[in-house]
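The block underneath contains the structure these notes are about, expressed in structure tokens.
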Amino acid sequence: MELKELISQKLQANFPEAEFEFSEYRNEFNVKFNKKFVNPICKFLKEDSELEFLLCEDMTAVDWAKRKNRFTVVYHIFSIKHSFRLVLKADVDESDCTIDTVSSVWKTSNWQERECYDMYGIKFNNHPDLRRIYMPEEFEYHPLRKDFPLLGIPGSLPLPKK
Amino acid sequence: MGLEAKLNSDGFLVTQLDAVVAWARKNSVYPMPMGISCCAIEMMASADPKYDIARFGSEVMRFTPRQCDLMIVAGTVTYKMSHVVKKIYDQMPDPKWVIAMGACTSTGGMYRSYSVVQGIDQFLPVDVYVAGCPPRPDNLLNALIQIQNKIGRTRARDFQNLKLPELNVIQNN
């Protein structure tokens, strides 16, 4: 059986309520699901002996500005066993701008989620240390949001006195 | 040479102490290499045998600000880094001078962005700006020569009864 079919069958069998959407774009297999299931799905993909997605390559978010579900959180995970890359996506709305952490599954995502929180303001539930990673801690905004001006907000970042 | 001939015949020469101090000071400028990004590579190249900053008496790059009198700020200064740059500048003994090397340092350059300071003259008194992205080593040496000319013009009376911020104003004239 092809790996993509195996993944979709396994996921649907184990998480029947997760509202999966499977698609393919430029030879990358995309799996979209309800954000409530992000932690168990990632745990399953990592620990299943036939899949073994051991590596969380990257994790970020997309700001769609005016869409109903404003943000999409994207995970790029990689199975060394199959040399196969998988893209996981989950929508997050601005009114409830939270998603569960996967840092208990992949340790890498601890800092990736901190970056995502810093740049987009998405909060990760149960994250062990959710602080800003790039911007100063007293900074109030989230720079990669579409409504943040390119040149920043004057006076929001302090300069030393002349 | 003229100097040796004078000393050999008379055994002394008459000048102003001010002029001697300025002459000595301008030919022994110790740079503080504040290398933040890619301009620092060109700054290092200016110290190599091909360009040879030692010809101008400035080969002694000290990595402690307490032994320096010229800060070469080479690279993109972000808002987070600006406090570090200022802290190091404050640790340098007076009199001191600043070169803003490259487009990023002088104006923000191509980083027209929320995180980059659009010119370090917002928080430092800059004496010479160097154009280029990055500037070639000879361009940096030109800036050093301009600093030397400026130092050569300073006299003790410039520093009389002046507190530090006003001292900077005098230097910029």
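Hydrogens, waters and symmetry mates are skipped; everything else that's a heavy atom, side chains included, is used. Here is how names work: the chains are called A, B, and so on, in the same order as the sequence lines, proteins then strands, and each is numbered from 1.
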Check your understanding: Less than 4.0 Å between a side-chain N and a carboxylate O, is that true for A/Lys35 and A/Asp96?
Key -> yes
**Study point:** Residue among A/Ser156, A/Gly152, A/Pro143 with most heavy-atom pairs under 4.5 Å to chain B
**Key:** A/Pro143
Practice item. Over 60° means perpendicular and under 30° means parallel, so classify the ring planes of A/Phe29 and A/Phe84, tilted if in between. Key: tilted
Point to revise | Atom pair SG/NE2 of A/Cys97 and A/His142 - distance to nearest 0.5 Å | key: 8.0 Å
Review point. Does any heavy atom of chain A fall under 4.5 Å from the side chain of B/Val117, the backbone, both, or neither of them?
Key: side chain
Study note, to complete from the structure: Okay, A/Tyr134 and chain B: the region with an atom under 4.5 Å from a heavy atom over there is backbone
Practice item. Establish, yes or no, whether the cationic atom of A/Lys89 lies under 6.0 Å from the six-membered ring centre of A/Tyr75 and within 45° of the ring axis. Key: no
